[in-house]
Amino acid sequence: QVHLIESGGGLVQAGGSLRLSCVASGRTPSRYAVAWFRQAPGKEREFVAGISWSGKSIDYADSVKGRFSISRNGNTAYLQASSLKLEDVAVYYCAAAERDYSSDYVVNFDFGYDYWGQGTQITVSS
């Protein structure tokens, strides 16, 4: 089993930045992809950003492109969220899944991930 714990959420004024962290522990596979999803109040969960198991492939939702950045280092994945807007308010979830060696690409659907964190809240004020 893989356990994911997110942190770094909080309250920020519009235009500000936050850095979310996702720490993986337990029986972590040698190759696993990581993605961030978010769910705003009253809305469905949506893909935000993803990084392949090797880190070579990265993908972002159009809504955050140019403002958010995903990265990974060891057992920790990060989401740097900058130029935050009111529409970024949501609970942000880290997700992971084991990948085959050849599957070095980003999956942007939630059913492509097996392990999920509990979420961390980003709130943006005007």
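Atom set for the values below is all heavy atoms of this structure, side chains included, hydrogens, waters and symmetry mates excluded.
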**Request:** Kindly compute the distance separating CD (Glu44) from CG (Asp110), expressed to the nearest 0.5 Å.
**Result:** 9.0 Å
**Prompt:** Where is the tightest heavy-atom contact between Ile122 and Ala81, given as atom of each residue plus distance?
**Reply:** CD1-CB, 4.5 Å
**Prompt:** Judged by atom type as modelled, is there a donor-acceptor pair below 3.5 Å linking the side chain of Glu6 to the main-chain atoms of Cys94?
**Reply:** yes
**Check: Ser57 side chain, Tyr105 main-chain N or O, donor-acceptor pair, under 3.5 Å** = no
**Asked** Would Ser54 and Asp104 count as having a side-chain donor-acceptor pair, cut-off 3.5 Å?
**Response** yes
**Message:** Please give me the minimum heavy-atom distance between Val64 and Val48, naming the atom from each residue.
**Reply:** CG2-O, 3.5 Å
**Message:** Between Arg67 and Ser83 (side chain of the first, backbone of the second, donor and acceptor by atom type, cut-off under 3.5 Å), is there such a pair?
**Reply:** yes
**Asked** Does Ser69 offer a backbone N or O that forms a donor-acceptor pair with the side chain of Tyr78 under 3.5 Å?
**Response** no
**Asked** Same cluster or not: are Trp116 and Leu20 linked, directly or through other Ile, Leu, Val, Met, Phe, Trp or Tyr residues, by side-chain heavy atoms under 4.5 angstrom apart?
**Response** no
**Request:** Would you verify whether the NZ or CZ of Arg72 falls within 45 degrees of the ring axis of Tyr32 while also being under 6.0 Å from that six-membered ring's centre?
**Result:** yes
**Prompt:** Under the 6.0 Å and 45° cation-pi test, does Arg19 pair with Trp36?
**Reply:** no
**Asked** Hey, does the Lys NZ or Arg CZ of Arg45 hover above the aromatic six-ring of Tyr92, less than 6.0 Å from the centre and inside 45° of the axis?
**Response** no
**Request:** Indicate yes or no: does Asp88 engage Lys85 in a salt bridge with an N to O separation below 4.0 Å.
**Result:** no
**Item:** From Ser17 atom OG to Leu84 atom CG, the distance as rounded to the nearest 0.5 Å
**Value:** 6.0 Å
**Prompt:** Relative to each other, are the rings of Phe111 and Phe109 parallel, tilted or perpendicular (30° and 60° limits)?
**Reply:** parallel
**Fill in**
Rounded to the nearest 0.5 angstrom, the CZ-OG distance for Arg99 and Ser52 is 9.5 Å
**Request:** Please go through Val2's hydrophobic cluster and name the other residues, only I, L, V, M, F, W, Y counting, with side-chain heavy atoms under 4.5 Å joining them.
**Result:** Leu4, Tyr115
**Prompt:** Where the side chain of Thr120 meets the backbone of Ser7, is there a donor-acceptor pair that is under 3.5 Å apart?
**Reply:** no
**Asked** Salt bridge between Glu98 and Arg31, side-chain N to carboxylate O under 4.0 Å?
**Response** no
**Message:** Distance check, rounded to the nearest 0.5 Å: Cys22 atom SG versus Ile5 atom CD1?
**Reply:** 9.0 Å
**Fill in**
So CG of Asn108 and OH of Tyr113: to nearest 0.5 Å the spacing works out to 7.5 Å
**Request:** Give the minimum heavy-atom separation between Ser63 and Arg38, together with the two atoms involved.
**Result:** OG-NH2, 3.4 Å
**Request:** Indicate the atoms forming the closest heavy-atom contact of Ala77 with Val34, along with that distance.
**Result:** CB-CG1, 3.6 Å
**Request:** Share the residues that join Tyr101 in a hydrophobic cluster, the rule being Ile, Leu, Val, Met, Phe, Trp or Tyr side chains under 4.5 Å apart at the heavy-atom level.
**Result:** Trp53
**Asked** When you look at CD of Gln118, are more than 12 heavy atoms from neighbouring residues, nucleotides or ligands closer to it than 6.0 Å?
**Response** no
**Request:** Any chance you could lay out the side chain to side chain contact (heavy atoms under 4.5 Å, CB included) test for Gln80 and Phe68, step after step, and finish with the verdict?
**Result:** CA-CA 5 Å; Gln80 181 181 337; Phe68 288 18; over 6 Å; no
**Lys56, NZ: over 12 other non-hydrogen atoms inside 6.0 angstrom** = no
**Request:** Drop me the distance from Thr123's OG1 to Leu11's CG, to the nearest 0.5 angstrom.
**Result:** 6.0 Å
**Asked** Can you name the closest pair of heavy atoms from Ala35 and Ile70 and give their distance?
**Response** CA-CD1, 4.5 Å
**Prompt:** Of the non-hydrogen atoms in Leu18 and Gly8, which two are nearest, and what is the gap between them?
**Reply:** CD2-O, 3.9 Å
**Request:** Specify whether Phe37 and Phe47 have parallel, tilted or perpendicular ring planes, treating 30° as the upper limit for parallel and 60° as the lower limit for perpendicular.
**Result:** perpendicular
